[in-house]
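Notes follow once the structure below has been shown.
Only a predicted model underlies this, so the values are computations on that prediction, with no experimental measurement involved. Both ligands and their constituent atoms are indexed starting at 1 by order of listing.
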Amino acid sequence: MNKPIGIFDSGLGGLTVVKELKKQLPNEQLIYFGDTARIPYGTKSKELIQQFAMEDARFLMQFNIKLLIVACNTASSLAIDTLREHFSLPIVGVVRPGAHAATVQTKNNKIGIIGTPSTINSDAYADEIKLRMDTADVYSQACPLLVPLVEEGWLDGDITRLTLEEYLNTLIKRDVDTLILGCTHYPLLKKSIEKITQGRMNLIDSGLETAKTVKEILIKENLLNLDNQEFKDQYFVSDNPLKFQKIGSMFLGEELTNVKRIDFEKFLMENKKLLKNIQI
Ligand code: DGL
């Protein structure tokens, strides 16, 4: 089906999902929204995260998308049910695919999760893991300093290493063999994490697992784009696009030329009525 896929995240972290989608589904057109004006979501309340997620989704609905990806662990953990209640298209979050992969890959049933404080406090990952594997020992660690480091482009170096060591210490001591990178920003730190864990943990990249799930759904629901038409992906942000463009290009390994800043406040004002009918 010749319609785009919509993706949102609070910032540029969702590009980890985009990277995988481009590999696995090169024929699909992607429309991305990064809410860079309101990042971080990971320290905000459930109510606010649900409101933001609804607004981000409403923005993407303008493009007549066929499937919505919540490429933000925080929004997936706290707002996916709200989104599913209000929109009837297929909605894929990053939590379920990541939790599933962890239960398949662990050998000693010791699974670690790192994420933002809101994701960790929601227990969304732990609940999904327990549903699939009630014998699993789950160890969760909130890592509030990692998102700012990634947004700054500090993917290695002493400060990042020391911060990671502090956060990962307990999980290493607990002999965790599988670690869920429960925040869309963390795959960018993969190399640094591998060094600290000395390659002893399977690192679960929710982005990669999510792209696999999206592909399965598109096939099952007959939604794959079968045309060989070349599409240009579009990226929208709610604040200055320069940083998104710079770090995003570095990360995707290609020049991100199609990034536009939108006046999100104006969009929200214009759509006030639509959003007001939504009970959160
Ligand atoms: N995108 C968020 C997540 O995956 C991290 C950034 C934020 O706190 O907004 O949890």
Side-chain angles (χ1 to χ4, degrees), residues 6-21 32-57 59-60 68-80 82-83 91-99 101-102 112-126 128 140-155 160 163-164 167 179-190 193 203-211 213 235-239 243-244 247-248 251 264:
I7 306 161
F8 79 82
D9 178 39
S10 53
L12 57 81
L15 293 177
T16 53
V17 183
V18 169
K19 192 173 183 174
E20 286 307 322
L21 286 170
Y32 184 98
F33 175 57
D35 192 6
T36 49
R38 303 192 294 190
I39 193 173
Y41 284 11
T43 48
K44 299 205 165 67
S45 68
K46 181 175 179 175
E47 291 70 25
L48 208 51
I49 292 161
Q50 289 178 339
Q51 180 197 320
F52 288 177
M54 286 299 299
E55 292 168 352
D56 300 346
F59 173 75
L60 288 168
L68 174 69
I69 304 176
V70 184
C72 171
N73 286 262
T74 305
S76 294
S77 299
L78 292 153
I80 199 127
T82 310
L83 291 168
I91 300 179
V92 183
V94 284
V95 172
R96 209 173 275 174
I113 306 155
I114 51 174
T116 64
S118 304
T119 296
I120 296 303
N121 291 337
S122 75
D123 274 336
Y125 269 108
E128 287 288 343
S140 305
Q141 175 68 53
C143 307
L145 293 178
L146 297 187
V147 168
L149 287 174
V150 173
E151 289 280 323
E152 203 52 46
W154 291 8
L155 306 183
T160 304
T163 311
L164 279 170
Y167 286 141
L179 179 67
I180 299 178
L181 308 180
C183 171
T184 36
H185 285 60
Y186 300 173
L188 282 94
L189 297 169
K190 225 171 178 173
I193 295 175
L203 301 185
I204 306 289
D205 175 345
S206 298
L208 189 144
E209 301 304 328
T210 303
T213 304
Y235 299 88
F236 296 93
V237 287
S238 50
D239 198 5
K243 195 153 102 182
F244 183 93
I247 302 180
F251 178 66
F264 203 52

Value for CD1 (Ile114) from OH (Tyr186), rounded to nearest 0.5 Å, stands at 6.0 Å
Closest protein heavy atom to atom 6 (C) of ligand 1, given as residue, atom name and distance to 0.1 Å | Ser10 OG, 3.4 Å
Taking only heavy atoms of Tyr41, which atoms of ligand 1 are found under 4.0 Å from at least one of them?
-> 7 (C), 8 (O), 9 (O)
Please identify which atoms of ligand 1 are closer than 4.0 Å to at least one heavy atom of Thr116.
-> 5 (C), 8 (O), 10 (O)
Donor on one side chain, acceptor on other, Glu55 and Gln51, under 3.5 Å | yes
Give a yes/no on ligand 1: does Cys183 have at least one heavy atom closer than 4.0 angstrom to it?
-> yes
Per-atom contacts, ligand 1 versus Ile39 - under 4.0 Å to a heavy atom = 9 (O)
Provide, to 0.1 Å, the distance between atom 1 (N) of ligand 1 and the closest protein heavy atom, together with that atom's residue and name.
-> Asp9 OD1, 2.6 Å
Which residue owns the protein heavy atom closest to atom 8 (O) of ligand 1, what's the atom, and how far is it?
-> Gly42 N, 2.8 Å
For atom 10 (O) of ligand 1, grab the closest protein heavy atom and report residue, atom and distance to one decimal in Å.
-> Thr74 OG1, 2.6 Å
Ligand-residue contact atoms, ligand 1 with Val147, heavy atoms, under 4.0 Å = 5 (C), 6 (C)
among protein heavy atoms, the one nearest atom 2 (C) of ligand 1 is Cys72 SG, 3.5 Å
Under 6.0 Å between the ring centres of Phe33 and Phe264?
-> yes
Salt-bridge test for Arg38 and Asp56: reply yes if a basic N is under 4.0 Å from a carboxylate O, no otherwise.
-> yes
About how many Å separate OH of Tyr125 and OG of Ser140, when rounded to the nearest 0.5 Å?
-> 11.0 Å
Determine the interplanar angle of the Tyr32 and Tyr235 rings, folded into 0 to 90°, and report it as parallel if under 30°, tilted if 30 to 60°, perpendicular if over 60°.
-> tilted
Any luck finding a side-chain donor-acceptor pair between Asp35 and Tyr41 under 3.5 Å?
-> yes
